[in-house]
Amino acid sequence: MPIPPDVDPADVRTWRTHVADEVAALRRHLEDAREAGRRARGYRAASRSIPLLGAAGIGPDLLPAIADAAPGKQGRTLPAGAIPVISPAQLVAAAPDEVILSLPDLLAEVRRSVAGIEAAGGRWIDVGDLLIGRGATSV
């Protein structure tokens with residue numbers, strides 16, 4: 001797709017670099033978690049998470065499952081990386097050390113409805129914190 005004439009090509013190059021850095025940061029976090037023996041899972045199989053996971057080349061080897069409360073999504077796989085979608089109960093049963101939340105606006109609601117994560121010593125991580133290089137802040 002050609003760049004529109006009113007857009008500076010340098011801005012596009014900067015944006016591409018920024019996106020590549022953020023995608024790499026997410027992948028690096030999951031690789032580090034795997035190497036350290038931390039069990040990572042995801043929460044919320046939102047359509048906006050699919051391009052991010054695909055761009056990062058993340059599959060079940062780095063993120064074995066993503067939980068979602070919508071019954072219609074459970075038992076399926078995400079088109080990006082064929083990551084299985086599981087129920088919140090299955091997420092709690094997996095006892096992950098960390099759960100990457102793709103829609104951080106839902107954190108308060110999810111903490112209430114999936115309280116078993118923190119009760120078992122797991123933590124919630126805002127995917128945005130991983131992307132913008134602030135490191136994994138957790139709740």
Side-chain angles (χ1 to χ4, degrees):
M1 172 182 288
I3 298 172
D6 60 333
V7 174
D8 184 346
D11 291 341
V12 173
R13 283 190 296 278
T14 299
W15 176 80
R16 284 182 182 159
T17 300
H18 181 72
V19 168
D21 290 347
E22 289 190 340
V23 164
L26 174 59
R27 182 174 182 84
R28 193 169 37 257
H29 174 83
L30 289 170
E31 288 171 340
D32 290 348
R34 181 181 60 191
E35 289 173 20
R38 292 190 316 268
R39 295 175 314 268
R41 301 295 188 272
Y43 191 88
R44 193 69 168 97
S47 60
R48 67 178 91 170
S49 62
I50 294 168
L52 174 63
L53 295 170
I58 294 172
D61 60 319
L62 292 175
L63 194 63
I66 294 181
D68 199 292
K73 293 181 181 181
Q74 297 164 10
R76 298 176 181 251
T77 58
L78 292 182
I83 299 170
V85 180
I86 62 175
S87 71
Q90 290 171 302
L91 176 67
V92 172
D97 298 302
E98 57 187 52
V99 181
I100 299 172
L101 183 59
S102 66
L103 294 174
D105 295 348
L106 300 177
L107 180 60
E109 174 188 332
V110 170
R111 287 180 78 194
R112 280 190 306 276
S113 65
V114 193
I117 297 299
E118 290 173 276
R123 65 188 182 134
W124 294 96
I125 297 176
D126 176 344
V127 71
D129 289 344
L130 298 175
L131 298 180
I132 60 176
R134 290 187 297 198
T137 61
S138 62
V139 181

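Residue indices begin at 1 and follow the sequence shown.
Between the side chain of Q90 and the backbone N or O of S87 there is at least one donor-acceptor pair closer than 3.5 Å. Not a single donor-acceptor pair under 3.5 Å links the side chain of R41 to the backbone N or O of A67.
Residues P64 and P84 approach most closely at O-CD, 3.2 Å, considering heavy atoms. Closest approach of A46 to L103, counting heavy atoms only: CB-CD1, 3.9 Å. Heavy atoms only, all atoms of each residue included: P79 and I50 are closest at CD-CD1, 3.8 Å. Contact record, L78 with L53: CD1-CD1, 3.7 Å, taken as the closest heavy-atom pair. Smallest separation of non-hydrogen atoms from V114 and P88: CG2-CB, 4.0 Å.
Each salt bridge (Lys or Arg N to Asp or Glu O under 4.0 Å) pair with one or both residues in residues 84-102, not counting sequence neighbours, appears once here: R38-E98, R39-D97, E98-R123. Among residue pairs with one or both ends in residues 71-91, those qualifying as salt bridge (Lys or Arg N to Asp or Glu O under 4.0 Å) are D68-K73; sequence neighbours excluded.
Two residues are said to be in side-chain contact when any heavy atoms from C-beta on lie closer than 4.5 Å; R27 and V23 fail this criterion. No side-chain heavy atom of V127 sits under 4.5 Å from any side-chain heavy atom of L101. Annotation: side chain of R44 is not in contact with side chain of V110 (no heavy-atom distance under 4.5 Å). Two residues are said to be in side-chain contact when any heavy atoms from C-beta on lie closer than 4.5 Å; P104 and W124 fail this criterion.
To the nearest 0.5 Å, atoms CG (L63) and CD1 (I58) are separated by 6.5 Å. Considering CD of E31 and CG of L26, their distance stands at 10.0 Å, rounded to 0.5 Å. To the nearest 0.5 Å, atoms CG (L107) and CD1 (I125) are separated by 11.5 Å. The distance from atom CD1 of I117 to atom CZ of R111, rounded to the nearest 0.5 Å, is 12.0 Å.
Exactly one residue among I100, I86, L91 makes a side-chain contact (heavy atoms from CB on, under 4.5 Å) with Y43. That residue is L91.
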